[in-house]
Amino acid sequence: MSKGSVTSPRKAKESPKTGISPASKTPGKSSSKSTGDTGTGAGVTRELARKGYRTMLEARLLEEKLAALYRSGKIVGGVFLGRGQEALSVALGLHLRRGDIYAPLIRDQAGRLAFGDTILDTLRTYLGSILGSMRGRDGNIHRGRPSEGYHAMISHLGAMVSTVCGGLVARRFRGESGVVGATCIGEGGTSTGSFHEGLNMAAVEKLPLVVVVANNQFSYSTPNDRQFACPDLTARAAGYGIVGRRAVGNDLIDCLRVIGEAVAAARSGEGPQLVVADLLRLVGHGEHDDASYIPESLKKSELGRDCLLLARESLIEKGWMTEEEAVAWRDAVALEVEETASKVLREPAPDPVDEDWNAFASLGREGEQ
Amino acid sequence: MSKGSVTSPRKAKESPKTGISPASKTPGKSSSKSTGDTGTGAGVTRELARKGYRTMLEARLLEEKLAALYRSGKIVGGVFLGRGQEALSVALGLHLRRGDIYAPLIRDQAGRLAFGDTILDTLRTYLGSILGSMRGRDGNIHRGRPSEGYHAMISHLGAMVSTVCGGLVARRFRGESGVVGATCIGEGGTSTGSFHEGLNMAAVEKLPLVVVVANNQFSYSTPNDRQFACPDLTARAAGYGIVGRRAVGNDLIDCLRVIGEAVAAARSGEGPQLVVADLLRLVGHGEHDDASYIPESLKKSELGRDCLLLARESLIEKGWMTEEEAVAWRDAVALEVEETASKVLREPAPDPVDEDWNAFASLGREGEQ
Amino acid sequence: MSSITYLEAIRLAQRKALADDPRVFLYGQDIGTFGGAFKATKSLAKEFPGRVLDSPISEDAMVGLAIGAAVEGMRPIVEMQFADFSTCGFNQIVNQAATLHYRTGTACPIVVRLPSGGTPGSGPFHSQSMEAIYAHYPGLVVMTPATVDDAYSMLLEAVALDDPVIFCEHKFLYYHLKAEQLPDQALPFGKARIARPGRDVTVVTHGAMLHESLAAAEELSSDGYDIEVVDLRTVRPLDTDTILASVARTGRLLAVGEAWPWGGVTAEVVARVASEGFGLLDAPPQRLNAKETPVPYHPALWGTHRPTAGTIASSLRHLLEL
Amino acid sequence: MSSITYLEAIRLAQRKALADDPRVFLYGQDIGTFGGAFKATKSLAKEFPGRVLDSPISEDAMVGLAIGAAVEGMRPIVEMQFADFSTCGFNQIVNQAATLHYRTGTACPIVVRLPSGGTPGSGPFHSQSMEAIYAHYPGLVVMTPATVDDAYSMLLEAVALDDPVIFCEHKFLYYHLKAEQLPDQALPFGKARIARPGRDVTVVTHGAMLHESLAAAEELSSDGYDIEVVDLRTVRPLDTDTILASVARTGRLLAVGEAWPWGGVTAEVVARVASEGFGLLDAPPQRLNAKETPVPYHPALWGTHRPTAGTIASSLRHLLEL
Ligand SMILES: Cc1ncc(C[n+]2csc(CCOP(=O)(O)OP(=O)(O)O)c2C)c(N)n1
Ligand SMILES: Cc1ncc(C[n+]2csc(CCOP(=O)(O)OP(=O)(O)O)c2C)c(N)n1
Ligand SMILES: [Mg+2]
Ligand SMILES: [Mg+2]
């Protein structure tokens with residue numbers, strides 16, 4: 001697997017992408033310059049990488065807390081973690097701006113935080129707090145604020161691709177340009193009809209859509225040889241007439257670079273972008289699952305290396321972060337997570353009596369009754 | 001568009017296919033040897049080509065009769081013709097054997113006849129005769145005899161791909177080898193989720209499936225630039241890890257050759273095969289449609305040349321058929337069509353009183369009533 | 001204006017919606033230059049450039065796209081080529097559109113137009129009536145206009161609503177019904193209509209069955225019976241009040257539906273009347289529906305499969321004797 | 001054998017089907033080596049090599065594959081990971097499987113297992129009860145086993161039937177219910193069961209609501225009321241005879257369903273009793289269903305959303321006073 005390869009539907013595009021992503025308008029969303037080098041972090045700034053690491057750390061510690069709350073019976077239902085996938089996830093979230101559209105999926109805690117979601121709302125949603133964005137009506141990974149461009153996934157895999165397309169079509173109707181819509185999906189989700197229809201539609205409409213496929217080699221327990229038969233999912237891009245790119249899924253700098261290029265390309269009107277990254281999830285499908293179906297050899301391979309440790313090493317090596325900073329950040333984040341969790345655990349649950357029990361926006365309760 | 005190009009998911013397969021399709025077991029299904037030449041009919045025998053032409057003629061004249069019956073109000077509902085697509089359609093039907101599985105689609109009158117369907121049953125089904133295979137319960141193109149490997153399409157495009165996969169899985173369970181399953185679809189149908197899921201599933205199961213895409217440039221009125229964005233749909237094959245091939249859609253000999261190679265490859269265990277052929281339908285979507293949305297320039301291009309005339313010319317040029325034979329065949333087929341139609345027009349319609357009005361195979365009428 | 005068909009009323013409603021509201025756009029197969037399989041969008045692409053878009057054959061993504069656009073404040077109208085194909089967009093409709101407001105507080109104002117119901121020779125996959133399927137899901141409004149006026153005014157109403165609306169327009173009525181002019185007023189949203197007043201039996205129905213029921217009522221009037229016919233107009237919400245008020249007058253109920261009985265509109269109507277208006281009934285409430293098979297192709301079978309004026313009249317006679 | 005859960009009964013039924021009938025194979029996501037999301041196929045892949053196949057995440061094609069195999073004489077059992085995801089295979093189920101026999105005379109003996117119904121914390125997309133949706137379609141058999149015995153024997157019955165069967169197994173009952181041994185006999189196909197005899201009210205219900213209803217009946221017995229509880233077992237066909245016979249004894253009907261009311265099982269049950277057994281009723285037939293929103297995530301909301309022993313008991317008290 002070579003780093004940063006780009007497959008393009010047209011011959012003319014076969015060389016690696018070069019481009020400058022537009023400067024971010026929101027504080028904390030840094031710009032990334034790509035020089036087209038492969039296998040380096042060229043174009044990824046110190047500031048962006050630090051932000052990436054810090055957000056990955058937040059996601060990791062928050063998720064560890066979620067797992068603990070699940071084990072202690074405080075979270076009912078399920079907990080679905082993105083451990084091992086934070087680098088890829090955060091890279092997408094960081095390259096988006098307020099005003100973009102983002103539909104994260106199961107393993108995108110890091111991307112969500114980078115996009116502007118909070119530790120507070122994550123805990124509220126998992127714990128079903130009435131103060132959370134989903135008000136206890138929906139939970140865990142099914143959370144968002146659609147009216148702010150942050151879509152709340154439904155469980156049905158693939159369904160969010162076309163929904164994001166719709167958001168982008170609306171923006172086009174309003175004459176807004178420079179907007180990007182993005183979603184992430186597992187390699188298993190690429191087998192759904194929805195994924196196909198959505199990607200094809202985006203290509204026909206030449207929408208500024210970025211789809212990141214986190215190929216963690218398993219969909220739940222199912223290995224890739226029972227899920228698809230092509231050696232590399234980027235091969236799908238040509239069939240849609242869109243650009244396909246590869247990133248190294250557990251390498252923060254590479255993810256930031258490749259996704260930065262994809263987002264920049266989409267933003268500048270080059271149409272839909274498919275990014276595929278190989279990695280492993282370092283947890284079960286959900287916290288009920290011990291992932292014993294993942295072979296030890298795979299866990300011990302390059303794919304199984306923890307992106308958070310790798311990012312730490314790499315940032316320190318580059319002189320972009322000191323050991324001391326890493327420790328201080330970890331302590332700060334751990335504290336924030338703990339304090340937030342205690343606070344949310346004391347928040348009110350939804351009260352069935354106060355609920356309006358009405359699924360309609362414009363009708364009285366059931367209209368008919 | 002080069003004739004007979006093959007795109008393969010693996011480098012090793014990039015050279016044109018060479019193979020010998022197993023000899024046919026049924027009379028009239030001739031074997032085709034492919035020498036791997038491109039742009040010629042190498043491997044297509046005189047006998048096969050003659051059978052192809054004759055069957056195309058049957059389809060053409062039968063469909064002209066169907067159109068007439070529709071115009072005179074004898075056929076109620078709709079009539080959907082394959083005019084201009086007979087060469088491609090017949091090629092698939094001819095390369096299949098009894099015992100194979102075939103799920104034809106809208107424009108496959110020629111393929112159906114080649115597979116063993118009859119002028120008689122076509123007329124019966126269109127006219128709703130109680131003696132037809134569908135007994136007046138379903139009609140027109142929605143006809144088949146599933147228990148004989150001849151699937152009866154539902155309208156929902158894409159749905160038959162996975163159904164054929166299921167038939168092939170059943171054969172594998174029974175230890176039958178050398179069986180092929182095939183279906184045809186328009187380029188518009190490739191946008192359905194069903195098409196994608198079915199093809200991907202076939203690839204995962206390495207099934208002997210042949211999918212022929214008749215790219216007639218329009219799905220109903222919708223031109224290809226509103227349907228997909230890749231320059232060539234064979235590019236989809238690599239994304240599934242299957243073989244993609246191109247045929248010249250209005251060239252009988254090329255269709256016979258390319259599809260012959262695809263069927264032979266599938267039969268010998270090389271997995272799913274995607275064949276894409278460009279052509280035009282020379283009629284409306286249905287007989288109610290004048291197809292005025294198809295530009296004159298396209299009609300006058302190579303694509304718009306009538307495959308039946310081209311096949312006639314080519315067979316005569318090769319010395320495989322004489323002018324006199326062509327005329328005699330036309331007369332014989334016209335007579336058969338006319339006689340069959342008069343016969344069927346006198347056949348009984350289904351009688352609501354005799355119907356069992358029961359959708360269940362194993363329950364009494366509604367079981368519950 | 002000379003006479004306006006039910007189909008033309010749908011076209012004109014879309015035209016008005018496009019003209020009045022910049023948030024409206026149309027999305028569907030062949031609806032652009034071609035004007036749609038039934039011409040319900042004829043010339044609209046030309047009149048409203050860029051706002052009437054041909055979609056790929058991707059029902060799931062079509063609905064998904066509409067949902068995403070609605071979240072951003074647009075008012076998309078999606079045309080399914082036939083109601084029957086909405087099964088391929090089913091998941092997006094029932095799991096994403098129907099739940100969005102409840103889950104997130106964000107409204108999902110989409111309209112999905114379903115050319116519905118049987119016509120001769122259309123067979124199992126171009127004839128279905130899916131209103132009961134969608135009405136099962138809280139969060140979806142389901143409309144079934146039965147007149148030219150309603151085709152027009154209810155479609156405008158659908159576009160104005162903040163909820164997803166499944167608009168079941170009836171293909172049999174497309175050319176069959178004509179009106180002299182467009183309505184300038186309409187019943188309030190969700191109100192059923194007394195299509196024919198009477199005192200002996202209440203027939204509750206909708207869509208094409210309204211006209212079969214009216215014909216049956218006419219037939220029975222020559223026997224001296226006075227049949228009241230209620231046109232539901234909107235099946236979700238269902239106007240139980242109007243139905244109960246009618247049954248209070250007549251004491252007898254026949255629910256007529258073109259779809260299959262199990263869990264259909266007739267089941268819901270009869271169940272509500274039985275539980276909420278039990279004391280109003282002088283006889284067992286009755287149902288008449290399609291036969292329990294796919295919709296058959298041959299016109300002779302089709303004509304027997306669905307209720308007709310004749311079978312409705314027989315059911316009414318039977319009910320009058322109970 | 002020690003105690004057997006409802007879930008284990010489903011696993012054992014599949015095991016028996018695989019052992020007895022070479023035409024049977026299982027197809028679904030993660031059902032192979034992993035044994036399924038709920039372990040309903042645990043160790044079966046090992047015991048029956050090559051006959052328990054992991055599928056891609058492709059519900060439409062999963063059902064399509066099963067149909068194609070059934071046409072060739074196989075007896076596939078498809079596991080949906082959750083009932084809620086069957087919406088993605090909806091088209092193949094209702095338009096291909098349900099119509100095949102009627103259209104072509106070729107039987108379509110597939111079983112689609114839907115892990116159904118609510119459990120705390122599962123939310124809108126892992127909790128649905130879709131039996132009414134499928135039961136609307138002629139050609140589909142819909143089973144809703146409520147006991148360990150039925151989970152086992154009805155699944156075997158489903159495999160034996162020549163029709164497509166939607167097998168709605170209830171997730172709440174998976175571990176909750178236990179039996180000492182597997183049944184060696186079963187009620188005939190399509191028969192409802194008097195789960196508790198009584199004389200004051202008939203409760204008609206199915207699935208997890210059976211147990212809530214039995215608990216409510218128990219609660220009312222301390223007030224001296226004798227509640228009869230009918231477990232439908234199979235909702236299509238629906239055993240109207242047994243229901244009517246029960247209502248004939250009690251004169252009162254409460255239909256209880258975990259799903260939404262509109263067009264649900266309770267609508268069909270009440271509509272049938274009202275029209276076919278009107279004279280048997282001493283009071284208006286009543287319905288109790290889930291509240292009209294998506295199934296909520298928070299356990300406190302979920303517990304209020306669906307009927308419970310408590311709300312059923314209140315409804316019964318109300319009905320007894322009518
Ligand atoms: C349409 C659909 N079918 C089934 C499921 C159940 N399901 C949830 S996650 C999952 C596995 C997903 O695998 P993948 O897409 O690779 O993502 P990963 O879990 O590996 O991140 C499945 C089958 C679903 N959510 N949606
Ligand atoms: C899922 C689905 N949606 C819509 C339709 C309506 N429809 C019937 S044929 C057709 C156009 C098909 O185009 P294509 O696949 O290119 O085949 P062609 O008609 O050109 O042979 C459409 C949209 C359908 N049959 N199925
Ligand atoms: Mg995965
Ligand atoms: Mg086409």
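Not measured: the values here are computed from a predicted model. Numbered from 1 within each chain, the chains take letters A, B, ... in sequence-line order. Values below: all heavy atoms of this structure, side chains included; hydrogens, waters and symmetry mates excluded.
- Ranked by heavy-atom pairs shorter than 4.5 Å toward chain C, the options A:Gly149, A:Ser362, A:Gly181 are led by A:Ser362.
- In terms of heavy-atom pairs under 4.5 Å with chain C, the best-connected choice from A:Ser147, A:Gly167, A:Pro146, A:Ala170 is A:Pro146.
- Here A:Tyr70 pairs with nothing under the ring pair (Phe, Tyr, Trp, His ring centres under 6.0 Å) rule; sequence neighbours left out.
- The part of A:Ile101 that comes within reach of chain C is its side chain, from C-beta onward, which places non-hydrogen atoms under 4.5 angstrom from that chain.
- Nearest heavy-atom pair, C:Gly139 versus A:Ala359, reported as atom, atom and distance to 0.1 Å: N-CB, 3.6 Å.
- With a 4.5 angstrom heavy-atom cutoff, C:Leu53 touches chain A only via side-chain atoms.
- Atoms SG and CD, from C:Cys88 and A:Glu197 in turn, are 7.5 Å apart once rounded to the nearest 0.5 Å.
- Of the inter-residue distances, the one linking C:Met62 atom CE with A:Met201 atom CE reads 7.0 Å to the nearest 0.5 angstrom.
- The line from OG1 of C:Thr104 to CE of A:Met134 is 6.0 Å long, rounded to the nearest 0.5 Å.
- Looking at C:Thr106, the atoms closer than 4.5 Å to chain A (heavy atoms on both sides) all sit in the side chain, from C-beta outward.
- With chain C as the partner, the residue from A:Ala152, A:Cys165, A:Ala103 showing the most heavy-atom pairs under 4.5 Å is A:Ala152.
- Under the 4.5 Å side-chain criterion, counting only non-hydrogen atoms from C-beta, C:Gln96 is in contact with A:Met160.
- Atom CG of A:Leu199 sits about 11.0 Å away from atom OG of C:Ser58, to the nearest 0.5 Å.
- Residue C:Tyr27 touches chain A through its side chain alone, counting heavy-atom pairs closer than 4.5 Å.
- Every residue two or more places apart in sequence or in another chain that forms a side-chain hydrogen bond (donor to acceptor under 3.5 Å, both in side chains) with C:Arg113 is listed here: C:Gln14, C:Glu79, C:Glu169.
- Residues A:Gly198 and C:Ala61 come closest through the heavy atom pair N-CB, 4.0 Å.
- Few gaps surround CZ on A:Arg172; more than 12 heavy atoms of other groups in view lie less than 6.0 Å from it.
- For A:Val169, the part lying near chain C is the side chain, with the backbone staying farther off; criterion is any non-hydrogen pair under 4.5 Å.
- Between A:Ser162 and C:Gln92, some side-chain heavy-atom pair lies under the 4.5 Å cut-off.
- Using a 4.5 Å cut-off between heavy atoms, A:Arg171 touches chain C through its side chain atoms alone.
- Using a 4.5 Å cut-off between heavy atoms, C:Arg51 touches chain A through backbone and side chain atoms alike.
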Original post:
Between C:Arg236 and A:Phe360, does a side chain to side chain contact (heavy atoms under 4.5 Å, CB included) hold up when you go through it step by step?
Top reply: CA-CA 11 Å; C:Arg236 181 156 192 159; A:Phe360 293 95; 3.8 Å; yes
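- Chain A is approached within less than 4.5 Å, heavy atom to heavy atom, by C:Leu65, C:Ile67, C:Gly68, C:Ala69, C:Val71, C:Glu72, C:Met74 from residues 65-74 of chain C, ordered by number.
- In this structure the side chain of A:Ile154 reaches within 4.5 angstrom of the side chain of C:Asn91, judged on heavy atoms.
- For the pair A:Leu363 and C:Asp163, the tightest heavy-atom approach, listed with the atom from each and the gap, is N-OD2, 3.9 Å.
- Among residue pairs with one or both ends in residues 95-104 of chain C, those qualifying as salt bridge (Lys or Arg N to Asp or Glu O under 4.0 Å) are A:Asp138-C:Arg103; sequence neighbours excluded.
- Neither the backbone nor the side chain of A:His196 has a heavy atom closer than 4.5 Å to any heavy atom of chain C.
- Neither the backbone nor the side chain of C:Val63 comes within less than 4.5 Å of any heavy atom of chain A.
- Of all the listed residues (C:Asp162, C:Leu161, C:Ile57, C:Asp60), the one sharing the greatest number of non-hydrogen pairs under 4.5 Å with chain A is C:Asp60.
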